[in-house]
Amino acid sequence: MFENNKKRYFIELEKFLSQFSEEENVKNPAVLYNDLFFDDFVNLIQLSQSHNGWYTPENVHFSIQSWATALTEENLDKWLSAYNLPFDCAQGDKATNCKNAGLILAGNIPLVGFHDFLSVLISGHNVLIKTSSNDQFLLPFLAKYLIAVEPEFSNKITFVEGKLENFDAVIATGSNNTARYFEYYFKDKPSIIRKNRNSVAILNGKETKEQLIALGEDIFRYFGLGCRNVSKLFVPKGYSFNAFFEAIFEYQDVIHYEKYANNYDYNKAVFLMSNYKLLDNGFLTLKEDMSYASPISSVFYEFYDSIEDLQIRLQSESEQIQCIVSNNLIENSIDFGETQKPNLWDYADNVDTISFLLTI
């Protein structure tokens, strides 16, 4: 019964999360266990910035609302319809089908590891979680809520302090440097090892002001710390950035956030001392550079000759790229303003986590 009802438990979590937004936290008396969790979650959201200076209430609320939008019954059905999930893993003599999947999570943006957490549980396995020191509180809180809704989850969710042990497979996210360690340490186990990736936008000069404003969301949401944030622009030769700068002026308040401002001042000084030519509007610098990973408060750009040649290049360098944003200029690109709103079936690094988990 537990396995058959699992989807329903995440729908209850969606109802709980839907109560919290930047504008207002509205307590719905129909939501389960609100008396135990509502006020504590409000307090946790407000305290998140003291735990991680980048976790502003605005960005935490945005993450929460993104997951509330994703965890609808319709979305869960669409996502899971592609798989033949084993709904008997936790039952009786078939319990041996259950494996322990270890998660080593990043902490760059709020709840960045939630999709992996969800995938392990929805596939029927047990999850062992090692949180990042930068994000130690949000996911454990939601896990406690799930356990309140269905106590059986207490046997399937374990948060690990110290060394990750007794796992059958692992999903680990980190930098390119830590990935080399992960690949060595986990070489004898089935694994997904995620490295640094960045997202790009392709412009052709025909974008509307509204599209360029939406592109600002892709750049500035979470202060640009996510792999789905646009960190590089590809523009045609002769492109004028005037319309771009005019559109993103709506995001000027980002410079009033001290941690962002410090990065802006520092990175701009480093660029100028190196005699790099910059475009600058007072809160964002643009630098011509072939790299994908730009520092906080800066976006790199590069000129292209043809969309066809650019597409070939991006395909050859796909392991460095998470998302591509454009106005349908190339196949499978994402609309402006949508990078931080992935669907359940939009897998990080295009690696199908559910399919992986069903093979361990």
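Every heavy atom of this structure was used, including side-chain atoms; hydrogens, water molecules and symmetry mates were not.
Remark: Glu302 engages Arg313 in a salt bridge, criterion side-chain N to carboxylate O under 4.0 Å. Taking a cutoff of 4.0 Å between a charged side-chain nitrogen and a carboxylate oxygen, Asp168 and Lys189 do not qualify as a salt bridge.
Of the inter-residue distances, the one linking Thr285 atom OG1 with Asp280 atom CG reads 6.5 Å to the nearest 0.5 angstrom. Atom CD1 of residue Ile296 and atom OH of residue Tyr264 lie 14.5 Å apart, to the nearest 0.5 angstrom. Note: Leu357 CG to Leu121 CG = 10.0 Å, rounded to the nearest 0.5 Å. In this structure, Leu80 CG and Leu344 CG are separated by 8.0 Å, a value rounded to the nearest 0.5 Å. Atom NZ of residue Lys232 and atom CD1 of residue Ile324 lie 12.0 Å apart, to the nearest 0.5 angstrom.
Heavy atoms of other residues, nucleotides or ligands lying less than 6.0 angstrom from OH of Tyr276 number 12 at most. Sparse packing is recorded around NZ of Lys78, with 12 or fewer heavy atoms of other residues, nucleotides or ligands lying under 6.0 Å away. The environment of CZ in Phe249 is sparse: at most 12 heavy-atom neighbours from other residues, nucleotides or ligands sit within 6.0 Å. Around NZ of Lys144, the count of heavy atoms belonging to other residues, nucleotides or ligands within 6.0 Å does not exceed 12. Enclosure of atom OH in Tyr266 is not indicated, since only 12 or fewer non-hydrogen atoms of other residues, nucleotides or ligands lie within 6.0 angstrom. More than 12 heavy-atom neighbours from other residues, nucleotides or ligands sit within 6.0 angstrom of NZ on Lys187. In Glu165, the CD atom is crowded: over 12 heavy atoms of neighbouring residues, nucleotides or ligands sit closer than 6.0 Å. Heavy atoms of other residues, nucleotides or ligands lying less than 6.0 angstrom from NZ of Lys195 number 12 at most.
By the 4.5 Å heavy-atom criterion applied to side chains, Gln340 and Asn229 are counted as neighbours. Contact check for Val112 versus Leu105: no side-chain heavy atoms found under the 4.5 Å cut-off. The shortest side-chain heavy-atom distance between Asp309 and Tyr304 does not fall under the 4.5 Å cut-off. In this structure, Ser355 and Tyr83 have side chains that are in contact, with non-hydrogen atoms separated by less than 4.5 Å. The shortest side-chain heavy-atom distance between Ile330 and Ile202 falls under the 4.5 Å cut-off. Inter-residue side-chain proximity for Leu215 and Ile248 is flagged as unmet; no heavy-atom pair is nearer than 4.5 Å. Using a 4.5 Å cut-off on side-chain heavy atoms (C-beta onward), Tyr251 and Asn281 make no contact. Counting only heavy atoms from C-beta outward, the side chains of Tyr347 and His115 approach each other to under 4.5 Å.
Legend: residues meeting ring pair (Phe, Tyr, Trp, His ring centres under 6.0 Å) with Tyr222, ordered by chain and number and at least two apart, are Phe62. Judged as a salt bridge (Lys or Arg N to Asp or Glu O under 4.0 Å), and not counting sequence neighbours, the contacts of Glu73 are Lys7.
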| field | Worked check of salt bridge (Lys or Arg N to Asp or Glu O under 4.0 Å) between Glu183 and Arg180 | value | CA-CA 5 Å; Glu183 288 169 347; Arg180 286 192 285 269; over 6 Å; no
| request: Show your working on ring-ring contact (aromatic ring centres under 6.0 Å, His included) between Tyr239 and Tyr301 and close with a plain yes or no. | output: CA-CA 11 Å; Tyr239 181 84; Tyr301 70 91; 8.9 Å; no
| message | Run Phe141 and Phe37 through ring-ring contact (aromatic ring centres under 6.0 Å, His included) and show every step you take. | response | CA-CA 9 Å; Phe141 187 95; Phe37 288 93; 5.6 Å; yes
| field | Working for side-chain hydrogen bond (donor to acceptor under 3.5 Å, both in side chains), residues Ser333 and Ser326 | value | CA-CA 6 Å; Ser333 62; Ser326 81; 2.8 Å; yes
| field | Verdict with supporting geometry, Phe41 and Phe16, side chain to side chain contact (heavy atoms under 4.5 Å, CB included) | value | CA-CA 10 Å; Phe41 199 45; Phe16 177 76; 3.7 Å; yes
| Hey, mind stepping through Phe137 and Asn52 against side chain to side chain contact (heavy atoms under 4.5 Å, CB included) and telling me if it holds? | CA-CA 10 Å; Phe137 301 99; Asn52 181 333; over 6 Å; no
| request: Begin from the C-alpha positions of Arg194 and Asp116 and carry the test salt bridge (Lys or Arg N to Asp or Glu O under 4.0 Å) through to its verdict. | output: CA-CA 12 Å; Arg194 301 202 182 105; Asp116 290 334; 2.7 Å; yes
| field | side chain to side chain contact (heavy atoms under 4.5 Å, CB included) between Val149 and Leu13, worked out | value | CA-CA 9 Å; Val149 172; Leu13 178 60; over 6 Å; no
| said: Is there a side chain to side chain contact (heavy atoms under 4.5 Å, CB included) between Val235 and Asn204? Walk through the geometry before answering. | reply: CA-CA 6 Å; Val235 297; Asn204 65 0; over 6 Å; no
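No side-chain donor-acceptor contact under 3.5 Å links Asp335 to the backbone of Val325. The closest donor-acceptor contact from the side chain of Glu150 to the backbone of Glu152 lies under 3.5 Å. Using a distance-only test at 3.5 Å, with no hydrogens or angles considered, a donor-acceptor pair links the side chain of Ser199 to the main chain of Cys323. A donor-acceptor pair under 3.5 Å links the side-chain atoms of Asn75 to the main chain of Thr69, judged by distance alone. In this structure a side-chain-to-backbone donor-acceptor pair under 3.5 Å is present from Thr359 to Phe356. A donor-acceptor pair is defined here as one N or O able to donate and one able to accept, closer than 3.5 Å; no such pair exists between the side chain of Ser298 and the backbone of Pro295. For Asn59 (side chain) and Tyr55 (main-chain N/O), no donor-acceptor pair under 3.5 Å exists by modelled atom type. A donor-acceptor pair under 3.5 Å links the side-chain atoms of Gln136 to the main chain of Ser133, judged by distance alone.
The two atoms that bring Ser18 and Ala68 nearest to each other are OG-CB, 3.6 Å, heavy atoms only. Considering all non-hydrogen atoms of both residues, Asn267 and Ser297 come closest at ND2-OG, 4.0 Å. Here the shortest heavy-atom pairing between Cys98 and Asn126 reads CB-ND2, 4.2 Å. When every heavy atom of Ile360 is checked against every heavy atom of Ala169, the shortest pair comes out as CG2-CB, 3.7 Å. The heavy-atom pair separating Ser318 from Arg197 by the smallest distance is O-NH1, 3.0 Å. The minimum heavy-atom distance between Thr339 and Pro342, with the atom names listed, is O-CD, 3.9 Å.
Between Tyr260 and Phe223, the angle of the ring planes lies from 30° to 60°, which puts this pair in the tilted group. In this structure, Phe241 and Phe244 have perpendicular ring planes: the angle between them is above 60°, well past the 30° mark. Aromatic ring orientation, Phe271 versus Phe300: tilted (interplanar angle from 30° to 60°).
Phe114 and Phe117 have their aromatic ring centers within a separation under 6.0 angstrom. Taking the six-membered ring for Trp and the full ring otherwise, the centers of Phe186 and Phe167 sit less than 6.0 Å from each other. A distance of 6.0 Å or more separates the ring centres of Tyr9 and Tyr145.
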